[in-house]
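Reckoned from all heavy atoms, side chains included, excluding hydrogens, waters and symmetry mates.
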Amino acid sequence: MIAMVSAVEELSWLTSKELGEMLRESDNFVLQSKIEDGGPKQVLVDMEKVVPSLPLHLLAVCLELGQGPDLTYVLRGIRFLHSLSDLASRHTRLEQVLLDDVKLSEQVMDLIFFLLSILAEQKENNNVGASPLVHASLVAGSLHLLTNYFSSQWHELVHILLAHPKVDIFMDVAFDSLHEDVRLLSIRLSSMGFGFFPVGSLESRLAHFICQQCEASLQFLLLLCQQKLFRDRILKNKELSRNGGILSLSHTILKLVVPECLKQSTDLVASISRLKAKILSILLQLCEAESVSYLDEVATNPNNMRLGQTLALEVLNLLKISFGRKINITSDSHDKGKIYPMGSVLISALRLVDVFSDDSNFRSFFLTNTVPFLIQILAAPHDEFVSSWCAVNLPTIEEDASLDYDPFGASEVALLASDNMLTEAKANYSCPFRPSVPSMAYAQTRTSCVVKIIANLHVFIPNICEEQERDLFLQNFQKHLASGSPKLSADLPASSDFKATKVCRNLGFLSDYAKTLVPNLLNGEDLVLLSDFADKLQSWCKSQVAVKVVQNDIPPESMDAMCPVQQLLPTRTSTPASKMNNLPKDAQNMEVSTPVPPINPEGNDEDETPKNTVSRNGGFLQNAVGQDLVHLGVARTTSGGPSAVASGVSTGHQHNRMDLDPASSSVDNFKTPELTKENGLEEDGKGESSMYDERQPKRRKRTLMNNEQIDELEKALVDEPEMHKNPVLLQSWSEKLSLQVIFFFTLGHSILRS
């Protein structure tokens, strides 16, 4: 009988098919093999003894693990375990020995946890020789042992992991070991930037191999995070949440840059892009969780807060670069004509900016830093903007993909490299992937994110926002446009070249198109805030043009050519309102200021904040002219004066975010029948997240009813106290009241415009 070490080294090269054929030909579960070492000789391997001892043997090796050959040997052992588990489903006796033994399963779990803890700590000399390949293969192979040995159903695997007493340690070391792989990949890519490595060369293939191992590991963790129980446990993990473990990993991945010499390597470029898409998706999963506020956890630590802001800048920079260029990558020689999915990077980044900008911890940071990115989008040529942001169908959309990872096949490249036997042909390993079906709502979701970002930053809520933030987003927008606008002169350029004019025109069309996204992707509150922002920016733009006309003595006919904004902005005759919700009784007024006067490019406008404000309640705006609407019954006056309208805001929901609580209230509500229907907004509890989630967010729900409607509804409740349990009756009342609201709203809006 040969020793365990010889058995691992010999049998780890056999595929599950080859191993199965040998078992069928064997007697009493004993394998006969030949080792060529100065001549063929027969050896015997008693699988009845080798298989049960293998996990414990590898654990013992890990306890004395050093660098180099020892790590390679462990990879051989992990590869052998994958072959055995794959064969066990087709071999009854092996299944009984390997999978039905509870003690053996515990040893496999301990091996995975302990090995990952070692890989998370090994940060010296890992970037030398074959070490990065071996390390990355070990991390991915160890994680995938969980699905091979315990359960391929993710919800079952999560229950198994959470039942383990060391599950928090597993979470820490799993993300940390992956972080080390990404660091090694970053070092390799950076070093390749100082030389010339042809596409398809051995060095470029090895960089792509490491990238694929990182993607396989990250995809595994993403699938775990999509399960609500696992996600909630991560949020309670101090190292990953409060101490910035996941933020740090995310930052390292987003900083990955493909060397200039490999820009035409489509598979490498696509793999790095999918890495970024997957880590952004994990961040979204955590930020959108309801049990614990991930961003609140981040904000408890000043260092992590700074790291979060740095990460946010990386996300904005990613968007700025992506929307500022037309991606046109030519296929390289070794995969000419093959298309590789890039992952849902942009849609994930937009959704993440939406979440960050709506959070009270990060809103101030985004008030300034989001402006260049938004102006870049809005300043596009009009036809291009409309086809990209106001259309249902886009010429090209992002395609996502999932790797069909094969740990046995993937580890062969690393083992050959460690034995100095790797050839270019063997290094040309590419893990197969399954493209995901693109969502039909991709274009609409992308546009809705931009609208919500503007709404998040334009809204002003007195009991949450600081006073200096009032109209700050609008002022930052104006300053950026003023500093970037061309100098007006007598030989005035065409209006399409005037950035502010283009931005206002595109904003008008965006505001008009956004109405079609209510209620599935936007609510009335988002729409009103966007319209108000567009109107104020339009007024500012016209005033700026008028000032410069006077300063430069430009003829009136030239001014007309300069300022087509008034005609280009669509007429808004009605405004969709948000879903019928009751607001908290301790609600505070939420105000949207009237347009600020023109600012100078230097930005010395702190003392020019207007005193007149516009109160908004449930998305309804009212200025001095619109006070007549009070007499029409559309708005209820308050003790604060005839122009004040009550509005409710809640800082509860444990997030201290820009949320509006849908709790009960006596303030006015404005509703439409479409928005009182259930639109699948409640979570199903499974933790699954779609990249193009069409569920309307639970934030920004502000609604409005007038006095007569409230009185009428209160009388009805006396006769039907259980009305809230009768969907048919609720729908009937919703339609009845909405007809009244639409009539008054349209009439009031007509008075305003006249």
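The pair Lys255-Glu314 meets the salt-bridge criterion, with a side-chain N (NZ, NE, NH1 or NH2) lying under 4.0 Å from an Asp/Glu carboxylate O. Lys236 and Asp232 are not joined by a salt bridge, as no carboxylate oxygen comes within less than 4.0 angstrom of a charged side-chain nitrogen. Remark: Asp176 does not engage Arg183 in a salt bridge, criterion side-chain N to carboxylate O under 4.0 Å. Between Asp419 and Lys426 there is no salt bridge, since no side-chain nitrogen of the basic residue lies less than 4.0 Å from a carboxylate oxygen of the acidic one.
Ser344 OG to Leu280 CG: the interatomic distance, rounded to the nearest 0.5 Å, is 10.5 Å. To the nearest 0.5 Å, the span separating OG on Ser53 from CD on Glu48 amounts to 10.5 Å. Taking CZ of Phe194 as the start and SG of Cys261 as the end, the distance is 11.5 Å to the nearest 0.5 Å. One finds the CG atom of Leu138 at 11.0 Å from the CG atom of Leu133 (value rounded to the nearest 0.5 Å). Atom CG of residue Asp101 and atom CD of residue Gln107 lie 7.5 Å apart, to the nearest 0.5 angstrom. Distance check: Ile253 CD1 to Ile279 CD1 gives 4.0 Å after rounding to the nearest 0.5 Å.
Between the Ser12 side chain and the Val8 main chain, a donor and an acceptor come within less than 3.5 Å of each other. Panel note: side chain Glu398, backbone Val345; a donor-acceptor pair is recorded below 3.5 Å. Gln212 contributes a side-chain N or O that, together with a main-chain N or O of Cys431, makes up a donor-acceptor pair within less than 3.5 Å. Remark: side-chain polar atoms of His82 are paired, donor with acceptor, to backbone N or O of Gly141 under 3.5 angstrom. Counting only distance, with no hydrogens or angles, the side chain of Ser89 and the backbone of Asp86 share a donor-acceptor pair below 3.5 Å. Under a 3.5 Å cut-off, the side chain of Thr310 and the backbone N or O of Arg306 do form a donor-acceptor pair. With hydrogens and angles ignored, the 3.5 Å screen pairs a side-chain donor or acceptor of Ser411 with a backbone N or O of Phe408. Side chain of Arg242 to main chain of Glu297: no donor-acceptor pair is present (N/O by atom type, distance under 3.5 Å, no hydrogens or angles). Formation of a donor-acceptor pair under 3.5 Å by the Ser241 side chain with backbone atoms of Ile234 is found in this model. Counting only distance, with no hydrogens or angles, the side chain of His135 and the backbone of Leu119 share a donor-acceptor pair below 3.5 Å.
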Exercise for review: Given side chain to side chain contact (heavy atoms under 4.5 Å, CB included), test Gln213 with Val139 step by step and report yes or no.
Suggested key: CA-CA 8 Å; Gln213 306 311 302; Val139 174; over 6 Å; no
**Study point:** Chi angles and distances behind the side chain to side chain contact (heavy atoms under 4.5 Å, CB included) call for Ser204, Leu268
**Key:** CA-CA 8 Å; Ser204 69; Leu268 176 62; 5.7 Å; no
Exercise for review: Determine, step by step, whether Asp296 and Asn361 satisfy the side chain to side chain donor-acceptor pair (under 3.5 Å) criterion, reporting the C-alpha distance in whole Å, the side-chain angles of both residues, the deciding distance to 0.1 Å, and the verdict.
Suggested key: CA-CA 7 Å; Asp296 279 354; Asn361 300 300; 2.7 Å; yes
**Study point:** Test log, rule salt bridge (charged side-chain N to carboxylate O under 4.0 Å, His left out), inputs Glu424 and Arg205
**Key:** CA-CA 8 Å; Glu424 287 194 10; Arg205 294 294 87 216; over 6 Å; no
Practice item. In sequence, state the C-alpha distance, the side-chain angles, and the governing distance for Gln226 and Gln285, and then conclude on side chain to side chain contact (heavy atoms under 4.5 Å, CB included). Key: CA-CA 7 Å; Gln226 287 179 350; Gln285 295 278 347; 3.5 Å; yes
Review point. Does the side chain to side chain contact (heavy atoms under 4.5 Å, CB included) test come out yes or no for Tyr294 and Glu288, once each step is laid out?
Key: CA-CA 8 Å; Tyr294 175 66; Glu288 293 178 344; over 6 Å; no
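Counting heavy atoms from C-beta on, the side chains of His164 and Asp110 come closer than 4.5 Å. Under the 4.5 Å side-chain criterion, counting only non-hydrogen atoms from C-beta, Phe80 is not in contact with Leu58. Side-chain contact check for Asn317 versus Leu313: every heavy-atom pair is 4.5 Å or farther apart. By the 4.5 Å heavy-atom criterion applied to side chains, Met109 and Ile160 are counted as neighbours. Looking only at side-chain heavy atoms (C-beta outward), Val74 and Ile78 come within less than 4.5 Å of each other. Between Phe170 and Leu116 there is a side-chain heavy-atom pair separated by less than 4.5 Å. Here the side chains of Tyr149 and Ser105 are not in contact, with every heavy-atom distance at 4.5 Å or above. Side-chain atoms of Tyr429 and Glu412, non-hydrogen and from C-beta on, never get closer than 4.5 Å to each other.
Side-chain contact, Asn428 with Ser430: no donor N or O sits under 3.5 Å from an acceptor N or O.
Between Phe433 and Pro341, the shortest heavy-atom distance links the atoms CE1-CD, 3.2 Å. Nearest heavy-atom pair across Ala401 and Gln219 is O-OE1, 4.4 Å. Here the shortest heavy-atom pairing between Leu403 and Ala216 reads CD1-N, 3.9 Å. Considering every non-hydrogen atom in both Arg274 and Gly343, the closest pair reads CG-N, 3.7 Å. Looking at every heavy atom in both residues, His159 comes nearest to His155 through CD2-O, 3.0 Å. Between Leu235 and Val292, the shortest heavy-atom distance links the atoms CD1-O, 3.7 Å.
A side-chain contact (heavy atoms from CB on, under 4.5 Å) with Leu311 is found for exactly one of Ile246, Leu283, Leu316, namely Leu283.
Sorted by first and then second residue, the ring-ring contact (aromatic ring centres under 6.0 Å, His included) pairs involving residues 204-246 (not counting sequence neighbours) are His144-Phe220, Trp154-Phe220.
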